[in-house]
Amino acid sequence: MSGTLYGIGLGPGDPELMTLKAYRLISGAEVVAYPALEDGESFARSIAADVIPQDAVEVTIHVPMTVERGPAQAAYDQGAMDISQHLDAGRDVVVLCEGDPFFYGSFMYLFARLSGKYETEVVPGVTSVTTCAAVSGRPLTARNEVLTIIPGPLDETAMQERIAAAEAVVIMKVGRHLPKIRRVLSALNLTDAAYVERASLPNQKVMPLNDAPETAPYFSMILVTKGQDPWLN
């Protein structure tokens, strides 16, 4: 019989934010797979490092951080092939994914390639969005408000249109797009926003957007709440 594929959400970075189910599956894993940068660094593995069994087989998926989609797709093709060899041999495979597997998660690309062939289970994780709201003390929405989540790479005009039409906004993947995002929020008079980077990690930073640095890491986020604070409505 084939093994089972598990996509495990690890949460935003703090190992204590892993779910009990994630902990149980990782600690008992025969095979652990995870994405990594080309130099071998893996944020996902670093979160679960103390839980991975010493005798577990590790499968590293080297994903190039490029704008072009071709190299990354090829990396996931190779990763799916490597994982399928273990599944075909009857070994379960745990795939680590920071955040939640189906919320901008890397696991979804392996899911698309493998879930039709093998039994697959997705274990949700704490998202960076809810973590940033918690550490910044900003409730995301209340009552009938609608939350809009916008990726930082979005075109400037499209971003401005979506934020203007939104009630509450989270902008993810800020990184090198911070200057563009500042321009958009300034044009909309929405600079009273919260800036969070590396939420839940020891080097976490939380501050008003006006006090944010000129450059931001990929793992940073901006929270915008329009009108009154939601708990006062």
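Just the heavy atoms: all of them, side chains too, but no hydrogens, waters or symmetry mates, feed the values below.
The hydrophobic cluster containing Val32 does not contain Ile83, counting ILVMFWY residues as joined when their side-chain heavy atoms lie under 4.5 angstrom apart, directly or transitively. Clustering ILVMFWY residues whenever any of their side-chain heavy atoms sit less than 4.5 angstrom apart, transitively, puts Tyr23 in the very cluster that holds Val123. Under the 4.5 Å side-chain heavy-atom criterion for Ile, Leu, Val, Met, Phe, Trp and Tyr, Tyr218 and Ile47 are members of the same hydrophobic cluster. Phe103 is not connected to Leu10 by any chain of hydrophobic side-chain contacts under 4.5 Å among Ile, Leu, Val, Met, Phe, Trp and Tyr, and they are in different clusters. In the hydrophobic clustering of ILVMFWY residues, with side-chain heavy atoms under 4.5 Å counting as a link, Met159 and Val169 come out together.
Annotation for Thr4 and Asp92: closest pair N-OD1, 2.8 Å, computed over non-hydrogen atoms. Residues Ala194 and Arg138 approach most closely at CB-NE, 3.6 Å, considering heavy atoms. Taking each heavy atom of Cys132 and Ala199 in turn, the nearest pair found is SG-CB, 3.8 Å. The minimum heavy-atom distance linking Pro53 with Ser27 is given by the pair CG-O, 3.1 Å. Of all heavy-atom pairs spanning Cys97 and Ser106, the tightest one is SG-N, 3.5 Å. Residue Ala36 comes nearest to Ser42 through the heavy atom pair CB-CB, 3.8 Å, listed as atom of the first residue, atom of the second, then distance.
Within the 4.5 Å cutoff, side-chain heavy atoms of Arg113 are placed close to those of Asp77. Contact annotation: the side chain of Pro151 approaches that of Tyr104 to within less than 4.5 Å [non-hydrogen atoms, C-beta and beyond]. Between Leu223 and Thr225, every side-chain heavy-atom pair lies at or beyond the 4.5 Å cut-off. At a threshold of 4.5 Å between non-hydrogen side-chain atoms, the residues Ser128 and Met221 count as touching. Taking the side chain as every heavy atom from C-beta outward, Met18 and Val51 approach each other to under 4.5 Å. Contact annotation: the side chain of Glu119 never approaches that of Ser2 to less than 4.5 Å [non-hydrogen atoms, C-beta and beyond]. Side-chain contact between Leu110 and Ile61 is present, with heavy atoms from C-beta onward closer than 4.5 Å. When side chains are defined from C-beta on, Asp14 does not count as touching Val126, because their heavy atoms never get closer than 4.5 Å.
Applying the side-chain contact (heavy atoms from CB on, under 4.5 Å) test to Gln85 and every residue at least two apart in sequence or in another chain returns nothing. In this structure, the ring pair (Phe, Tyr, Trp, His ring centres under 6.0 Å) partners of Phe219, at least two apart in sequence or on a different chain, are Phe43. A search for ring pair (Phe, Tyr, Trp, His ring centres under 6.0 Å) contacts involving Phe102 returns Phe111, not counting sequence neighbours. Applying the side-chain contact (heavy atoms from CB on, under 4.5 Å) test to Ala158 and every residue at least two apart in sequence or in another chain returns Leu154, Asp155.
Side-chain atoms of Asp88 and Tyr118 include a donor-acceptor pair closer than 3.5 Å. Side-chain contact annotation: Gln78 with Asp82, donor-acceptor N/O pair under 3.5 Å present.
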Test side chain to side chain contact (heavy atoms under 4.5 Å, CB included) on Ser115 and Leu5; report intermediate values, then the result. CA-CA 8 Å; Ser115 62; Leu5 176 67; 5.8 Å; no

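Test Val170, Val135, Val174 against Val196 for side chain to side chain contact (heavy atoms under 4.5 Å, CB included) and you get one pass: Val135.
Here ring pair (Phe, Tyr, Trp, His ring centres under 6.0 Å) pairs that include residues 73-99, with residues two or more places apart or in two chains, are Tyr76-Tyr109. Residue pairs that meet the side chain to side chain donor-acceptor pair (under 3.5 Å) test with at least one member in residues 44-65, sequence neighbours left out, are Tyr34-Glu58, Tyr34-Thr60, Arg45-Glu58.
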